[in-house]
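Keep in mind the model is a prediction, meaning the values are calculated, not measured.
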Amino acid sequence: MKLQMIGCSHHQANVEFREQLSFTGDQAQIALDAFRDRFPKTEAVLLSTCNRVEFYTATDDDSGVEQAQFIDFLADQRGLAQDQLMEHLICRNGNEAIEHLFTVAASLDSMVVGEPQILAQVKQAYELACTQGSAGPLTHSIFQTASRVAKRVASETAIHKKRVSVPSVAVGEIAVEFFERMDDKRIVLIGAGEMGRETLQYLRDKGARDVRLINRHRQRADEAAAELGARSAAWEEMHDLLADADLVVSTTAATEPIMDVQRFGAIHQARYGRMLLILDLAVPRDFDPKIGELSGVYLYSVDDLQAACHRNQREREKEWPKAKRIIEDETRDFVTALHHRATGPVIKRLREQTEQVKQDELARLIGRLESAGASDEIRREVTQAFDRLVNKMLHPPMASLKDDVASGGNHGLLDALRKLFQLNDE
């Protein structure tokens with residue numbers, strides 16, 4: 001068997017190169033079809049995210065795709081120079097490729113360790129390969145195991161339990177301290193950029209139903225709201241929306257505050273003392289800090305949230321050794337199982353061949369013993385002696401093969417057994 005990963009991530013390549021190398025969903029389908037046409041005996045799964053592009057390939061013999069062949073294929077697909085690809089791509093083989101996939105799926109190789117999206121992206125990549133017919137027995141096994149390993153890391157460590165992004169801390173740790181439930185709260189989200197969209201997703205995950213999204217450019221608000229299940233509103237409606245809100249999250253890219261304490265004074269009066277939580281995630285801040293001094297108003301800035309993010313990141317790092325041990329143990333077990341699967345047919349043929357030789361010789365000897373009038377007891381003892389002899393003869397090569405498999409050997413001993421005992425492939 002030959003397993004390998006060829007690709008790059010944020011560790012080896014800058015974002016400009018990753019953007020050139022990345023594949024959209026449609027492009028990934030075309031690439032997998034082209035790969036199967038060019039290398040019909042090789043299984044392939046393509047994982048393409050904003051932080052990594054990785055091709056996983058597998059064959060059940062040693063005839064896998066060479067790195068030079070793959071670079072030539074990738075150059076054709078993405079229109080990149082081969083020397084540019086060689087500069088950024090890395091190749092991992094065998095055990096290293098398996099351990100790398102398990103590490104990626106468990107989010108231990110992510111830019112933000114523990115971020116939950118990567119496992120879903122790994123699953124999507126595998127499902128696409130299955131749909132396109134480029135997956136096979138080996139990739140089925142390794143990707144299904146990767147999913148199980150990632151879930152084990154998530155359940156046996158706290159590496160996924162500590163939030164490390166500002167929006168996740170804002171919603172998952174601060175907001176839940178003020179509100180037992182979100183489905184009955186009126187929420188105003190200001191800003192439809194990347195942080196606003198991420199925040200909206202966390203709000204939806206927490207059960208928020210009444211979310212009004214406003215943005216200076218109404219079209220962006222309409223698009224984000226339609227995509228993530230909220231309702232958009234005009235920027236000019238901000239006063240009325242804040243007067244009715246229970247929670248406000250602001251994420252704009254404005255260079256000046258969008259709300260000063262004087263303007264908010266009228267909004268505060270219209271609220272008649274009802275509590276308001278404001279999560280100001282913008283840099284620079286969207287809300288004048290003095291607003292937080294008003295009665296019933298609780299204002300958190302991004303600095304307040306960053307402290308929690310850093311604390312949680314340190315807690316995640318403490319879980320790294322435990323997660324890494326799980327990956328190493330699972331990799332070792334998986335590799336051993338793969339090698340046993342490869343050695344099983346050879347061992348079976350060796351035992352069958354040896355058993356046939358034993359039976360032929362035993363039948364000849366038993367016939368002579370019967371002619372000589374030997375008792376049943378003697379014939380049983382002869383048969384048992386032949387069984388013990390065969391088992392003792394087979395034990396050393398079988399034990400050596402087992403040790404070779406356990407140590408991740410390269411099938412040298414397996415090939416030697418084939419030649420020594422003339423075991424032809426079935």
Side-chain angles (χ1 to χ4, degrees), residues 1-13 28 42-60 64-65 89-130 134-162 164 316-342 405-410:
M1 292 174 289
K2 186 172 182 178
L3 297 166
Q4 65 178 351
M5 184 285 296
I6 300 177
C8 68
S9 70
H10 58 279
H11 295 297
Q12 301 89 26
T42 302
E43 303 172 22
V45 177
L46 169 57
L47 173 62
S48 182
T49 73
C50 58
N51 287 326
R52 69 182 66 247
V53 178
E54 296 175 345
F55 251 99
Y56 292 85
T57 66
T59 57
D60 58 6
V65 181
L89 297 184
I90 62 169
C91 182
R92 301 183 188 277
N93 296 293
N95 299 15
E96 288 187 356
I98 295 167
E99 183 173 357
H100 178 74
L101 177 59
F102 291 176
T103 303
V104 169
S107 188
L108 302 186
D109 194 61
S110 299
M111 187 174 290
V112 178
V113 174
E115 57 98 355
Q117 293 90 348
I118 185 62
L119 178 57
Q121 292 168 334
V122 169
K123 289 181 177 179
Q124 289 170 2
Y126 167 60
E127 290 168 358
L128 177 61
C130 292
S134 64
L138 289 174
T139 43
H140 288 323
S141 183
I142 187 174
F143 274 83
Q144 290 169 7
T145 303
S147 178
R148 181 181 59 77
V149 172
K151 292 176 182 177
R152 184 184 167 195
V153 169
S155 64
E156 296 183 21
T157 74
I159 206 159
H160 293 273
K161 296 180 176 63
K162 297 295 183 179
V164 294
R316 278 190 176 185
E317 290 170 356
K318 292 179 182 178
E319 295 292 299
W320 176 274
K322 184 177 181 181
K324 195 63 177 173
R325 284 194 297 272
I326 293 174
I327 297 293
E328 292 170 350
D329 291 345
E330 290 284 356
T331 300
R332 183 178 60 253
D333 293 346
F334 183 80
V335 171
T336 299
L338 274 185
H339 284 299
H340 276 307
R341 189 165 74 181
V405 166
S407 64
N410 61 1

Report the C-alpha separation of Asp329 and Arg332 in whole Å, then their side-chain angles, then the decisive distance to 0.1 Å, and conclude whether the side-chain contact (heavy atoms from CB on, under 4.5 Å) test is met. CA-CA 5 Å; Asp329 291 345; Arg332 183 178 60 253; 3.1 Å; yes
Asn51 and Ser9, any side-chain heavy atoms less than 4.5 Å apart: no
Mind checking whether Leu47 and Gln124 have side chains closer than 4.5 Å, heavy atoms only? no
Please report the closest heavy-atom contact between Ala106 and Ile327, naming both atoms and the distance. CB-CD1, 4.1 Å
Calculate, to the nearest 0.5 Å, the distance between atoms CD1 and CG belonging to Ile142 and Leu3 respectively. 5.5 Å
Can you say whether the rings of Tyr56 and His100 are parallel (under 30°), tilted (30 to 60°) or perpendicular (over 60°)? parallel
Could you check whether the rings of Phe143 and Tyr126 sit parallel, tilted or perpendicular, using 30° and 60° as the cut-offs? parallel
For a 4.5 angstrom cut-off between non-hydrogen side-chain atoms, does Leu46 reach Leu128? no
Any donor-acceptor pair under 3.5 Å linking the side chain of Ser155 with the backbone of Arg152? yes
Check: Ala158 main-chain N/O paired with Lys322 side-chain donor or acceptor under 3.5 Å: no
Under the side chain to side chain donor-acceptor pair (under 3.5 Å) test, residues paired with Thr103 that sit two or more places apart: none
At what distance, to the nearest 0.5 angstrom, does CD1 of Ile118 lie from NZ of Lys123? 12.0 Å
Rounded distance [0.5 Å steps], OG1 in Thr331 versus NZ in Lys324: 8.0 Å
Start with the C-alpha gap between Val65 and Gln4, add the side-chain angles, then the distance that decides, and say whether side-chain contact (heavy atoms from CB on, under 4.5 Å) holds. CA-CA 9 Å; Val65 181; Gln4 65 178 351; 4.0 Å; yes
Lys/Arg-Asp/Glu bridge criterion (N-O < 4.0 Å) met for Arg92, Glu99: no
Steps toward side-chain contact (heavy atoms from CB on, under 4.5 Å) verdict (Ile6, Thr57): CA-CA 8 Å; Ile6 300 177; Thr57 66; 5.8 Å; no
Looking at CG of Asp109 and CD of Glu54, how far apart are the two atoms once the value is rounded to the nearest 0.5 Å? 7.0 Å
State which residues pass side chain to side chain donor-acceptor pair (under 3.5 Å) with Glu43; sequence neighbours excluded, sorted by chain then number. Thr139
All heavy atoms of Ala105 vs all of Ala146, minimum pair found to be CB-O, 3.9 Å
Would you name the heavy atoms of Ala150 and Leu119 that are closest together and state the gap between them? CB-CD1, 3.8 Å
Whether Ser141 side chain and Pro137 backbone form a donor-acceptor pair below 3.5 Å: no
Could you measure the distance from the OG1 atom of Thr59 to the CG atom of Leu138? Nearest 0.5 Å is fine. 7.5 Å
Does Thr145 offer a backbone N or O that forms a donor-acceptor pair with the side chain of Glu330 under 3.5 Å? no
How far does CD1 of Ile326 sit from CG of Leu108, to the nearest 0.5 angstrom? 9.0 Å
Looking only at non-hydrogen atoms, find the nearest pair between Ala129 and Ala44 and report the distance. CB-O, 3.5 Å
